[in-house]
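Below you'll find the structure, written out as structure tokens, and then a few comments.
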Amino acid sequence: MDLTELWEIAEQERQSAKPTQIKCCVAAGCVSANSQLVKQRLDAAVKTSGLENQVQVCGVGCLGLCSQAPLVRVDTLNPREKHSILYQQVTPDKTTAIIAALAGKETTQLPQADLTHPFFTKQLPIVLENTGKIDPERIQAYIAHDGYRALGHVLREMTPTQVVDAIARSGLRGRGGAGYPTGLKWATVAKARGDTPKGSRKYVICNADEGDPGAFMDRSVLESDPHRVIEGMIIAAYAVGANHGYIYIRAEYPLATQRLQIAIDQAQQLGLLGSRIFDSPFDFRIDIRVGAGAYVCGEETALMASIEGKRGVPHPRPPYPAEKGLWGFPTLINNVETFANVPWIIRHGADAFASIGTEKSKGTKVFSLTGNVRNLGLIEVPMGTTLRQIVEEMGGGVAQGTAKAIQTGGASGGCIPASAFDTPVDYESLNQLGSMMGSGGMIVMDETINMVEIAKFFMEFCMDESCGKCIPCRVGTVQLYQLLTKIRAGEASMADLELLEELSDMVKHTSLCGLGQSAPNPVFSTLRYFRDEYLALIDQGNKK
Ligand SMILES: Cc1cc2nc3c(=O)[nH]c(=O)nc-3n(C[C@H](O)[C@H](O)[C@H](O)COP(=O)(O)O)c2cc1C
Ligand code: SF4
């Protein structure tokens, strides 16, 4: 494969596009609402209506507004009548009406989403630029949307050091939770020596474990645009000097795993993975490793132990994976969304990426917006967008009453009260509020939600997911859960509340890994903003 062949594939794909495209979401949310049958029926209806030459039906990734699944988007590409319609809640029996409308026949009006709503207009797709637009199972579709162009450029025009510098200048920070500067991590792995008698050995790992409650961003990216993540990984491998990569994905994501395998096979067939990529001296291959869904296996040291075939438990750092990772060799480990940003940064330039976002948090962030909000789904917004814009404008507010809080950052995060909704979403601001960016789950809560119940829910999650290696987390999370249960039941005293605070502090400071260290965060944030709810329950207990 050389660049000319890549252009040819892209051109052929563009030429073969029909004037009207019907895009049926075949990502997990819509598939679970029967979208595969919807797609079959649309295909059949196009044939029986004799529209095959004008209309193309294709399966695409997430169309965003998951609460209205199954979703079908109709794009008319003809410049004179160019327009788009997003049909929602499309059941198989409604497909003939969609095709009849295309054929200009009078039909019953089908429910449509308002594409001028802030849910759509306030988004800035970088990671999701192809999501809902291309068929994730066809590499030609990715190539026609500039896919693998960044890789071709990097391998022909840039040295590994220039690639690392570009990522550093872009300001990209890891999207897996902690926000560590990606360029700095790449530079550390690039400098590390992975000496063996047969030459240097280093690894690149994509962390697709995504275990946070309410989070489905990485799954959607992999189901919708798997080549983008693969391209990001190949570029990273070239930059740090690795020839072998792993994608670690949980077994609960069978569709994403299947699409990744299809994408890897297709890339190999075209010579974009394997030996002498783009006719350069660079070789790289990727293998998938499926994890059993333990939350702790998302922690990088536990993840690597799991790939090595050992029990997935964390070990202390240093040494960090960048110096001593998989099988003791220098290893770059990044999140799905981190890799998915890379091709865009190379194509558009580090400065273009750095011009988006806030001073210290550059680019965009993908969030899964869930909970008691009207518009649920997948969104990508520039860093610095306020929580209010996300919840009230894009999410359309809560269905009943008013919003009370938003939970961000998954099990390690915290609950932010509605009074702080004017805060811009970036790493530092969320930390200051006692929460964190995390991987991108956002759960909106209305006034009916009891915040002690929420703290109890997240503590139960951490208690169940604790690997048990260290005592503060293994025993502490159980005791914290028991205390929260007692408070919630209205059977606790002020001494129990003091013990809750003391124990939370101890678990935070003495646990071995991030799971235990952050397990008390939901307790801290609910105590900080909703202490009255704890006190009311204790007061209730005193009156019994
Ligand atoms: C308990 C626990 C679970 C984690 N789960 C994930 C995960 O599912 N995905 C992820 O990318 N990072 C997860 N992380 C963070 C990883 O350890 C690691 O920092 C991250 O993959 C680095 O990628 P980044 O620099 O691109 O963010 C988890 C950390 C902890 C402590
Ligand atoms: S903090 Fe919890 S999850 Fe982490 S090593 Fe200790 S017991 Fe295991």
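Atoms within each ligand, like the ligands themselves, are counted from 1 in listed order.
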Sequence neighbours left out, what passes ring pair (Phe, Tyr, Trp, His ring centres under 6.0 Å) with His348? Give chain and number order.
Trp344
State, yes or no, whether a side-chain contact exists between Arg488 and Asn450 at a heavy-atom distance under 4.5 Å.
yes
Note, Leu128 side chain near Val221 side chain (heavy atom, < 4.5 Å)
yes
Just which atoms of ligand 1 are under 4.0 Å from any heavy atom in [X]?
X	answer
Lys185	22 (C), 23 (O), 24 (P), 25 (O)
Glu299	2 (C), 3 (C), 4 (C), 17 (O), 28 (C), 29 (C), 30 (C), 31 (C)
Gly514	31 (C)
Glu210	7 (C), 8 (O)
Tyr295	1 (C), 3 (C)
Ile333	22 (C), 23 (O)
Arg175	26 (O), 27 (O)
Gly211	8 (O)

Take atom 8 (Fe) of ligand 2 and tell me which protein N, O or S atoms are nearer than 2.8 Å.
Cys467 SG
Taking N or O atoms only and a 3.5 Å limit, does [X] qualify as a polar contact for ligand 1?
X	answer
Tyr180	no
Gly176	yes
Asn207	yes

Establish, from distance only, whether the side-chain atoms of [X] and [Y] form a donor-acceptor pair under 3.5 Å.
X	Y	answer
Thr526	Tyr534	yes
Asp218	Tyr253	no
Glu129	Thr131	no

Between Tyr238 and Phe282, how do the two ring planes meet: parallel, tilted or perpendicular, split at 30° and 60°?
perpendicular
Counting heavy atoms only, name the option from Leu184, Asn335, Ile249, Val296 that's nearest to atom 23 (O) of ligand 1.
Asn335
Nearest to atom 18 (C) of ligand 1, what protein heavy atom do you find, and at what distance?
Glu300 OE1, 3.4 Å
Nearest protein heavy-atom contact for atom 6 (C) of ligand 1: which residue, which atom, what distance?
Gly298 O, 3.4 Å
CG on Leu484 to CG on Leu480, rounded to 0.5 Å:
6.5 Å
Stepwise salt bridge (charged side-chain N to carboxylate O under 4.0 Å, His left out) test for Lys360 and Asp426:
CA-CA 8 Å; Lys360 291 188 180 158; Asp426 60 43; over 6 Å; no
If a pair satisfies side-chain hydrogen bond (donor to acceptor under 3.5 Å, both in side chains) and one of its residues is in residues 469-481, list it, with sequence neighbours excluded.
none
Partner of Ile346 under side-chain contact (heavy atoms from CB on, under 4.5 Å), picked from Leu151, Asn341, Val154, is Val154
Taking the six-membered ring of Tyr180, is the NZ or CZ of Arg173 close enough (under 6.0 Å from the centre) and on axis enough (within 45°)?
no
Write out all pairs satisfying ring pair (Phe, Tyr, Trp, His ring centres under 6.0 Å) with one or both partners inside residues 208-237, taking only residues at least two apart or from two chains.
Tyr142-His227, Tyr148-His227
Ligand 1 contact on Thr338 by region, counting heavy-atom pairs under 4.0 Å
side chain
